[in-house]
Amino acid sequence: MLNKLNGLYVITDNTLTPENTILEQVEKALIGGAKIVQYRDKVNKDEDIEKLVLTLQSLCRRYRALFVLNDRIDLAIKLQCDGLHVGKSDYHRIKDIRIPFLGYLGVSCYGDIETAKKMQDLRVDYVAFGAFFSSSTKPNADVVDTDIIKKAKEQLDIPVCAIGGITTENVADLTKNNIDMVAVISDIWNSEDITKKCEEFKKLLG
């Protein structure tokens, strides 16, 4: 597999990327240089989003970007998604997921290096840490010290992603420690010019 686990990682949101504009918004992000697109839907049932998932994956492939489905394990396996991202509630399933799921597998580790090491041993492809800054999309998330990126890069062999309240104004606090991926939600989708905002991130990420 080509190494797609680097650069700007954009995550959709039910409110900020509604169904009627999500494809247009995601394509603008891809044009601007987004390398990974995660589709996160906390509202609809699996059967209601199947078509959109396949359309988004096709769109990402057209731009040589990685498509990642959030949390929907069974759907990701069924549709053979290129990527899947899960959180704490599915830690106990990682070993079982890895058998039928052949795409890129990412796991949220919040502020826990030891969990990240365990996930690496279970053959996940990348781990995510955060939130690093207060976030409007996850206002109750615990804020993690940016020093964890340095520790993670020293102790892990797999790529590391940062998430949570990241903007073009504060991303430098993370890039100084050679972060592999930066996941962004609000600062992208709230921008008046999504493509330009993504280009700014791409430049800052080097």
Side-chain angles (χ1 to χ4, degrees), residues 1-14 16-17 22-23 25-42 44 46 49-91 93-110 115-116 118-130 137-138 152 156-164 166 179-185 188-189 198 201-202 205:
M1 289 192 290
L2 292 172
N3 179 24
K4 293 177 180 285
L5 300 175
N6 60 75
L8 178 61
Y9 186 145
V10 300
I11 301 177
T12 69
D13 176 84
N14 287 106
L16 300 177
T17 56
I22 187 171
L23 293 174
Q25 288 173 282
V26 167
E27 184 159 24
K28 286 178 179 179
L30 290 166
I31 291 169
K35 294 296 184 184
I36 306 164
V37 175
Q38 181 187 128
Y39 176 60
R40 178 192 278 169
D41 187 317
K42 299 295 184 182
N44 297 295
D46 282 5
I49 63 171
E50 277 193 27
K51 184 178 179 181
L52 179 57
V53 166
L54 290 171
T55 302
L56 283 167
Q57 177 158 274
S58 177
L59 179 62
C60 287
R61 286 176 176 175
R62 201 187 323 153
Y63 284 89
R64 298 180 63 82
L66 174 65
F67 173 77
V68 177
L69 182 60
N70 177 268
D71 279 346
R72 311 292 184 111
I73 296 168
D74 295 335
L75 186 60
I77 293 168
K78 176 185 178 181
L79 300 181
Q80 298 183 352
C81 289
D82 293 335
L84 169 66
H85 188 94
V86 298
K88 190 179 295 183
S89 62
D90 291 306
Y91 284 173
R93 296 183 64 185
I94 298 298
K95 190 181 291 186
D96 293 329
I97 294 169
R98 191 71 285 187
I99 297 168
F101 184 71
L102 304 177
Y104 288 90
L105 178 59
V107 180
S108 293
C109 295
Y110 313 97
T115 293
K118 291 175 185 175
M119 293 300 137
Q120 177 175 266
D121 291 341
L122 291 172
R123 297 189 299 119
V124 306
D125 296 292
Y126 74 91
V127 289
F129 294 98
T137 52
K138 284 196 173 183
L156 298 170
D157 298 319
I158 56 177
V160 176
C161 178
I163 187 172
I166 299 170
I179 190 74
D180 297 287
M181 296 163 281
V182 169
V184 187
I185 305 174
I188 297 289
W189 309 125
C198 289
F201 269 108
K202 185 179 177 181
L205 293 172

Residues Asp41, Thr12; criterion side-chain contact (heavy atoms from CB on, under 4.5 Å); working and verdict:
CA-CA 8 Å; Asp41 187 317; Thr12 69; over 6 Å; no
Give the intermediate values and the outcome of side-chain contact (heavy atoms from CB on, under 4.5 Å) for residues Thr115 and Val107.
CA-CA 10 Å; Thr115 293; Val107 180; 5.8 Å; no
Mind running side-chain contact (heavy atoms from CB on, under 4.5 Å) on Met181 and Leu5 for me, showing each step along the way?
CA-CA 7 Å; Met181 296 163 281; Leu5 300 175; 4.0 Å; yes
Determine whether Ile36 and Lys4 satisfy the following criterion, side-chain contact (heavy atoms from CB on, under 4.5 Å), listing intermediate values before the conclusion.
CA-CA 8 Å; Ile36 306 164; Lys4 293 177 180 285; 5.6 Å; no
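Residues Ala34 and Ala65 approach most closely at O-CB, 3.9 Å, considering heavy atoms. For the residue pair Phe101 and Ile77, the shortest heavy atom distance occurs at CB-CG1, 4.1 Å. Across every non-hydrogen atom of Cys81 and Leu69, the tightest pair is SG-CD2, 4.1 Å. Taking each heavy atom of Leu84 and Ala76 in turn, the nearest pair found is CD1-CB, 3.8 Å. Shown here for Cys109 and Met119, the closest heavy-atom pair between the two residues is SG-CG, 4.2 Å. Shown here for Gln57 and Asp82, the closest heavy-atom pair between the two residues is OE1-N, 2.7 Å.
Inter-residue side-chain proximity for Ile185 and Gln38 is flagged as unmet; no heavy-atom pair is nearer than 4.5 Å. Within the 4.5 Å cutoff, no side-chain heavy atoms of Gln120 are placed close to those of Val127. Between Leu122 and Arg98, the closest side-chain pair of non-hydrogen atoms is not below 4.5 Å. Here the side chains of Val68 and Tyr126 are in contact, with some heavy-atom distance below 4.5 Å. The closest side-chain heavy-atom distance from Ile22 to Tyr39 is below 4.5 Å. Residues Ile49 and Arg72 meet the side-chain proximity criterion, which asks for heavy atoms closer than 4.5 Å. With contacts defined as side-chain heavy-atom distances shorter than 4.5 Å, the pair Arg62/Glu27 qualifies. Between Ser108 and Lys88, the closest side-chain pair of non-hydrogen atoms is not below 4.5 Å.
Ile188 contributes atom CD1, which lies 11.5 Å from atom CG of Leu16 (distance to the nearest 0.5 angstrom). Residue Cys60 holds its SG atom at 12.0 Å from NZ of Lys35, rounded to the nearest 0.5 Å. Between atom CZ of residue Phe67 and atom CG of residue Leu59 there is a gap of 10.0 Å, rounded to the nearest 0.5 Å. One distance of note links CG of Leu102 with CD1 of Ile99; it measures 11.0 Å at 0.5 Å rounding. For the atom pair CH2 of Trp189 and CG of Asp13, the computed distance is 10.0 Å after rounding to the nearest 0.5 Å. With values rounded to the nearest 0.5 angstrom, Ile163 atom CD1 is found 12.5 Å from Phe129 atom CZ.
Note: Tyr91 and Tyr110 have tilted aromatic rings, judged against thresholds of 30 and 60 degrees for the angle between ring planes.
The backbone N or O of Leu54 lies less than 3.5 Å from no partner atom in the side chain of Ser58, so there is not a single donor-acceptor pair. Remark: the backbone N or O of Val160 is paired with a side-chain donor or acceptor of Asp180 at under 3.5 angstrom.
If you run side-chain contact (heavy atoms from CB on, under 4.5 Å) between Val37 and each of Val10, Ile11, Leu8, only Val10 comes through.
Residues Asp121 and Lys95 are not paired through a salt bridge, judged by the lack of any N-O separation under 4.0 Å between the basic side chain and the carboxylate.
Residue-environment remark: CD (Gln80) stays at or below the threshold of 12 foreign heavy atoms within 6.0 Å.
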